[in-house]
Amino acid sequence: MAAASLVALAPSAYADDGCSQSPAKLVTRVALGRGSSEVQLRATTDDVCAWGRIINGVPGDTVWVDRSDNGGPPWEQLGVSRISAGSTVFTPAYNDVNKKMRACGHPNGYPGQVACTYWW
């Protein structure tokens, strides 16, 4: 599990122009820290766009993506999405050409806990 600081959640950003979530592939994933919950980084099969997803989560869990030029600081926090009902939520898709991306999540009810995938 990649370490990350819990940060104030920014307002959700809009998807980048020209990005969609289809066709998709799973790039990397990390356990969210509760049961079978996990944070996933997904990408289009042509590696042009990427987004985050939580599966097997609970209402209140959040997921976002970070985008960086070098796989480290500084990075942009994009597309914070929160599960309002059910067990899955996606962030919008963002352009990842010449960028490094990771997905991060925060499990509801676990203050200070954040799980991030590796930079891809």
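No hydrogens, no waters, no symmetry mates; every other heavy atom, side chains included, goes into these values. None of the values given here were measured: they were computed from a predicted structure.
Across all non-hydrogen atoms, the minimal contact from Cys19 to Val48 is SG-O, 4.5 Å. Taking all atoms of both residues into account, the shortest heavy-atom contact from Gln77 to Asp66 is CA-OD1, 3.5 Å. Nearest heavy atom pair, residue Ser37 against residue Gly57, reads OG-CA, 3.7 Å. The nearest pair of heavy atoms linking Gly86 to Pro59 is O-CD, 3.8 Å. The two residues Met101 and Asp96 make their nearest non-hydrogen contact at CG-CB, 3.4 Å.
The side-chain hydrogen bond (donor to acceptor under 3.5 Å, both in side chains) test with Lys25 is passed by exactly one of Asp47, Asp46, Thr45: Asp47.
Here the OH atom belonging to Tyr118 is positioned 13.5 Å from the CZ atom belonging to Arg102, to the nearest 0.5 angstrom. Of the inter-residue distances, the one linking Trp51 atom CH2 with Ser81 atom OG reads 13.0 Å to the nearest 0.5 angstrom. Expressed to the nearest 0.5 Å, how far CG of Leu32 lies from CD of Gln40 amounts to 11.0 Å.
Using a 4.5 Å heavy-atom threshold, the side chains of Val63 and Val89 count as touching. Within the 4.5 Å cutoff, the side chain of Ile83 has heavy atoms near those of the Ile54 side chain. Between Asn95 and Arg67, some side-chain heavy-atom pair lies under the 4.5 Å cut-off. For the pair Val65 and Leu41, the minimum side-chain heavy-atom distance is below 4.5 Å.
For the pair Gln21 (side chain) and Cys49 (backbone), a donor-acceptor distance under 3.5 Å is absent. Within the 3.5 Å criterion, the main-chain N or O of Pro23 finds no donor-acceptor partner in the side chain of Thr44. Distance alone, capped at 3.5 Å, is enough to place a donor-acceptor pair between the Asp61 side chain and the Asn108 backbone. In terms of modelled atom types and a separation under 3.5 Å, the side chain of Trp119 and the main chain of Gly71 share a donor-acceptor contact. Looking at Thr117, its side chain does come within 3.5 Å of a backbone N or O of Ala103 through a donor-acceptor pair.
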Take Thr88 and Arg53 through the side chain to side chain contact (heavy atoms under 4.5 Å, CB included) test and state the conclusion after the steps.
-> CA-CA 7 Å; Thr88 300; Arg53 175 171 90 163; 4.0 Å; yes
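A cation-pi geometry, defined here as NZ or CZ lying under 6.0 Å from the six-membered ring centre and within 45° of its normal, does not hold between Arg82 and Trp64.
In this view, Lys99 and Asp69 satisfy the salt bridge (Lys or Arg N to Asp or Glu O under 4.0 Å) rule, not counting sequence neighbours. Arg42 is linked by a salt bridge (Lys or Arg N to Asp or Glu O under 4.0 Å) to nothing, counting only residues two or more places apart in sequence or in another chain.
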